[in-house]
Amino acid sequence: MNVEKKRLLFTCTQNAVRSVIAEALFSQLACAADYTVSSCGVIEGAADGYAIAVMKEAGIDISLHQLQTFEQLAASDFDLIISFSAEAQEQAVNWAAGNTGTLFWEVAPPLIDERSRDQTLESYRRLRDDIAARLRAQFGPFAQKT
């Protein structure tokens with residue numbers, strides 16, 4: 001029996017931190033095999049070294065993530081869009097196809113402390129852990145590592 005996968009899109013302002021982290025964390029969920037997952041931004045940002053570092057701490061490599069914007073995708077290709085910024089949510093609601101659902105998970109961007117790398121990393125860790133908790137609450141547990 002061929003069951004069609006659900007199609008999920010994570011969005012944020014630049015597709016550099018929140019949506020990238022969410023996409024990568026989602027791949028670790030027990031239900032991930034039932035989904036096709038992508039991420040995009042309102043505008044194209046640049047790879048974020050802090051996001052790469054905190055995900056590497058979690059054993060996930062996001063260094064090769066291909067940044068993309070809404071314009072590079074088709075709304076009809078998704079069943080659900082989860083946005084992490086007000087700008088992304090507004091874009092998602094206006095862009096979504098008729099049967100595409102939208103959710104807004106307000107997750108503040110990380111705080112950059114130019115005087116303290118440790119404080120900046122801690123802000124990114126809190127963001128990562130907040131997204132992980134929201135994913136668990138919405139979609140179920142992370143798969144057991146073997």
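Residue indices begin at 1 and follow the sequence shown. Side-chain atoms are counted along with the backbone in the values below, which use heavy atoms only and exclude waters and symmetry mates.
Of all the heavy atoms in A32 and S27, the pair that sits closest is CB-O, 3.7 Å. The minimum heavy-atom distance between L135 and F10, with the atom names listed, is CD2-CZ, 3.7 Å. The minimum heavy-atom distance between P110 and L127, with the atom names listed, is CD-CD1, 3.6 Å. In plain terms, the two heavy atoms of T69 and I43 that are nearest each other are CG2-C, 3.6 Å. Across every non-hydrogen atom of I52 and A47, the tightest pair is CD1-CB, 4.4 Å. Listed here is the closest heavy atom pair of S19 and C12: OG-SG, 3.1 Å.
A donor-acceptor pair is defined here as one N or O able to donate and one able to accept, closer than 3.5 Å; no such pair exists between the side chain of S123 and the backbone of Q119. Proximity of a side-chain donor or acceptor of R18 to a complementary backbone N or O of F84 within less than 3.5 Å is detected.
Side-chain contact between L103 and L80: present, with at least one pair of heavy atoms (C-beta onward) separated by less than 4.5 Å. Side-chain contact between T100 and I81 is present, with heavy atoms from C-beta onward closer than 4.5 Å. R136 has its side chain out of reach of P141: every pair of non-hydrogen atoms, C-beta onward, lies at least 4.5 Å apart. You'll find the side chain of Q68 reaches within 4.5 Å of the side chain of N15, heavy atoms only. Using a 4.5 Å heavy-atom cutoff, the side chains of E90 and V42 are not in contact.
A ring pair (Phe, Tyr, Trp, His ring centres under 6.0 Å) check over residues 58-82, counting only residues at least two apart or in different chains, returns the pairs F70-W95. The salt bridge (charged side-chain N to carboxylate O under 4.0 Å, His left out) pairs that include a residue from residues 55-69 are E57-R125, E57-R128, where partners are two or more places apart or lie in different chains. Sorted by first and then second residue, the ring pair (Phe, Tyr, Trp, His ring centres under 6.0 Å) pairs with a member in residues 33-59 read F26-Y35, Y35-F139, Y50-Y124; sequence neighbours excluded. Residue pairs satisfying the salt bridge (charged side-chain N to carboxylate O under 4.0 Å, His left out) criterion with at least one member in residues 99-113, sequence neighbours excluded, are listed as follows: D113-R115. Residue pairs meeting the salt bridge (charged side-chain N to carboxylate O under 4.0 Å, His left out) criterion with at least one partner in residues 69-85, sequence neighbours excluded, are R7-D79.
Around atom CD of Q138, more than 12 heavy atoms belonging to other residues, nucleotides or ligands sit under 6.0 Å away. Within 6.0 Å of atom CG in N99, 12 or fewer heavy atoms from other residues, nucleotides or ligands are found, so the atom counts as exposed in its surroundings.
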**Message:** Between L9 and L73, is the side chain to side chain contact (heavy atoms under 4.5 Å, CB included) condition met? List the steps.
**Reply:** CA-CA 10 Å; L9 177 66; L73 303 169; 3.8 Å; yes
**Item:** Chi angles and distances behind the side chain to side chain contact (heavy atoms under 4.5 Å, CB included) call for V107, R134
**Value:** CA-CA 10 Å; V107 174; R134 291 170 188 254; 3.7 Å; yes
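Linking ILVMFWY residues whenever their side-chain heavy atoms come closer than 4.5 Å, directly or via other members, places M55 and I112 in the same cluster. Using a 4.5 Å cut-off between side-chain heavy atoms of Ile, Leu, Val, Met, Phe, Trp and Tyr, with links allowed through other members, F142 and W105 fall into the same hydrophobic cluster.
Note: L8 CG to S39 OG = 10.0 Å, rounded to the nearest 0.5 Å. I60 contributes atom CD1, which lies 11.0 Å from atom CD of E23 (distance to the nearest 0.5 angstrom).
Checked by atom type, the side-chain pair T11/S83 shows a donor-acceptor distance below 3.5 Å.
The pair D130-R126 does not count as a salt bridge, with every side-chain nitrogen at least 4.0 angstrom from each carboxylate oxygen.
Taking the side-chain hydrogen bond (donor to acceptor under 3.5 Å, both in side chains) definition, one finds that T13 meets it with S85, E87, sequence neighbours left out.
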